[in-house]
Protein chains: 2
Amino acid sequence: MQDAPNSRAFARHDHAHCAGDMMARAEALSRDKGLRLTPVRRRTLEILLEAHRALGAYDVLDRLSAEGYGNQPPVAYRALEFLVEQGLAHRIRRLNAFTACMHPGEAHAPAFLICRLCDAVAEAPAAAVRAALDKAASDLGFVIERSNIEALGLCPACRTGAAA
Amino acid sequence: MQDAPNSRAFARHDHAHCAGDMMARAEALSRDKGLRLTPVRRRTLEILLEAHRALGAYDVLDRLSAEGYGNQPPVAYRALEFLVEQGLAHRIRRLNAFTACMHPGEAHAPAFLICRLCDAVAEAPAAAVRAALDKAASDLGFVIERSNIEALGLCPACRTGAAA
DNA sequence: GCTATGTATGTTATACTATAACAAGTCAAG
DNA sequence: CTTGACTTGTTATAGTATAACATACATAGC
């Protein structure tokens with residue numbers, strides 16, 4: 001096990017700071033859009049931010065129920081669905097998992113880079129990817145509404161060190 | 001329900017011919033690579049080609065068991081896994097489903113366009129998309145081994161007609 | 001304040017998706 | 001004709017997700 005196996009991007013950073021920053025942005029976004037960032041939803045987002053990696057719905061549920069929230073799947077799924085719809089979290093289909101969005105508020109169709117050794121998930125800037133995808137789709141007359149772009153491979157740390 | 005709701009690409013074509021062609025290519029590929037395209041595997045591929053749309057593992061299983069093959073999930077999952085590994089089929093994670101590959105043998109990291117109304121799945125050429133994704137990844141020091149690129153939206157037919 | 005309305009949460013139950021583990025059969029090489 | 005690798009079949013279970021209903025909470029209007 002490495003020291004930074006599940007970093008957001010594949011680089012060190014001030015974890016507490018980025019989580020606090022994201023929460024602040026989520027609050028602001030909710031206020032602006034008139035959304036209800038209720039305790040379960042807020043706590044769910046915090047859990048994702050604290051974990052700092054992709055969590056399954058049942059992982060989230062365990063944490064929520066340990067803190068006195070409901071202990072049935074819909075509790076977690078609903079909170080996660082809300083966060084995803086509001087762009088505060090993303091669903092990583094390859095992992096059947098969810099992760100906090102690191103760029104809330106900015107319109108983006110991110111690409112996720114998933115390390116198959118340490119399970120780190122990075123949200124890569126994907127404007128160019130999305131543009132190419134839009135082009136390929138429009139060539140077929142297809143209109144894209146949402147997209148999932150996920151890649152599996154090796155993060156820098158695992159490529160150089162951990163694999164040895 | 002439209003007449004061509006689940007077309008491979010969003011265009012009409014000679015269905016029987018394309019399926020036969022795909023099977024021939026699968027046979028050739030297996031012979032060349034020394035793979036064992038056994039009855040279950042061959043039939044699974046045929047089922048995907050005949051359905052001409054993405055099928056869940058249990059849909060495939062139903063058809064297989066109706067024809068005398070095993071009726072337990074691993075039968076379908078193993079055949080599908082084989083086909084995916086050999087590039088003869090693809091897994092559509094967004095739908096928890098599988099679809100026959102329309103370009104077997106050609107190295108490709110396809111993008112899938114999924115119509116949310118008719119569930120048609122098209123395999124779009126995605127060389128440019130993949131190139132952009134590789135670039136985004138390498139900027140972060142990440143090496144991509146496999147990728148899923150899936151988009152949800154409206155196919156030409158549903159956009160113009162069915163939605164009305 | 002009080003009630004009506006919409007939204008959110010909690011709970012029960014169940015459906016859907018997927019894999020581990022082992023037994024039995026098949027095939028080709030030696 | 002036996003070994004060894006692979007394939008298939010089966011049992012059992014794990015993991016993921018949602019439908020449906022009841023309760024509680026918030027806000028707006030009276």
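Only a predicted model underlies this, so the values are computations on that prediction, with no experimental measurement involved. A note on names: the letters A, B, ... follow the listed sequences, proteins ahead of strands, and every chain is numbered from 1.
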What's the [atom1]-[atom2] distance between [X] and [N], to the nearest Å?
X: A:Leu35; N: D:dA26; atom1: CG; atom2: C1'; value: 15 Å
X: B:Glu67; N: D:dG9; atom1: CD; atom2: P; value: 12 Å
X: A:Ile92; N: D:dT16; atom1: CD1; atom2: C1'; value: 16 Å
X: A:Leu61; N: D:dT18; atom1: CG; atom2: P; value: 14 Å
X: B:Leu64; N: D:dT7; atom1: CG; atom2: C1'; value: 14 Å
X: B:Arg94; N: D:dT16; atom1: CZ; atom2: C1'; value: 16 Å
X: B:Arg93; N: D:dG15; atom1: CZ; atom2: C1'; value: 14 Å
X: A:Asp59; N: D:dT16; atom1: CG; atom2: C1'; value: 12 Å

[X] vs [N]: side-chain N/O to OP1/OP2 distance below 4.0 Å:
X: B:Arg41; N: D:dC6; result: no
X: B:Asn71; N: D:dG9; result: no
X: A:Tyr77; N: D:dA17; result: yes
X: A:Thr38; N: D:dC25; result: no

**Prompt:** Are B:Asn148 and A:Arg93 linked by a side-chain donor-acceptor pair shorter than 3.5 Å?
**Reply:** no
**Asked** Under 3.5 Å, side chain of B:Arg41 to main-chain N/O of B:Arg36, donor-acceptor pair present?
**Response** yes
**Prompt:** Can we say B:Glu46 and B:Arg43 salt-bridge, meaning some charged N sits less than 4.0 Å from an Asp/Glu carboxylate O?
**Reply:** yes
**Prompt:** D:dT18, D:dT16, D:dG9: which one has an atom nearest the side-chain heavy atoms of B:Tyr69?
**Reply:** D:dG9
Kindly list each side-chain donor-acceptor pair under 3.5 angstrom involving residues 55-63 of chain A, sequence neighbours excluded, with atom names and distances?
{"residue": "A:Asp59", "atom": "OD2", "partner": "A:Gly56", "partner atom": "N", "Å": "3.1"}
{"residue": "A:Arg63", "atom": "NH1", "partner": "A:Asp59", "partner atom": "O", "Å": "3.4"}

**Fill in**
Contacts of B:Gln72 and B:Val40 projected onto DNA chain D by closest heavy atom; the upstream (5') one is B:Val40
**Prompt:** Taking only residues two or more places apart in sequence, or in another chain, which ones meet B:Glu150 in a salt bridge (charged side-chain N to carboxylate O under 4.0 Å, His left out)?
**Reply:** none
**Of B:Pro73 and B:Arg36, the one whose closest DNA chain C nucleotide lies more 5'** = B:Pro73
**Message:** Please evaluate residues A:Val84 and A:Phe82 with respect to the criterion side chain to side chain contact (heavy atoms under 4.5 Å, CB included), reporting the C-alpha separation (whole Å), side-chain torsions for both, the decisive distance (0.1 Å), and the verdict.
**Reply:** CA-CA 5 Å; A:Val84 169; A:Phe82 170 86; over 6 Å; no
**Request:** Scan A:Arg78 against the nucleic acid and name what it touches under 4.0 Å (heavy atoms): base, sugar-phosphate only, or nothing.
**Result:** base
**Message:** Any base atoms under 4.0 Å from A:Arg91, or only sugar-phosphate, or nothing? Heavy atoms, all strands.
**Reply:** sugar-phosphate
**Shortest non-hydrogen separation from A:Leu133 to B:Ala111 and the atoms involved** = CD1-CB, 3.8 Å
**Asked** Which two nucleotides bound the region of DNA chain C that has atoms under 4.0 Å from heavy atoms of chain A, read 5' to 3'?
**Response** C:dT7 to C:dT12
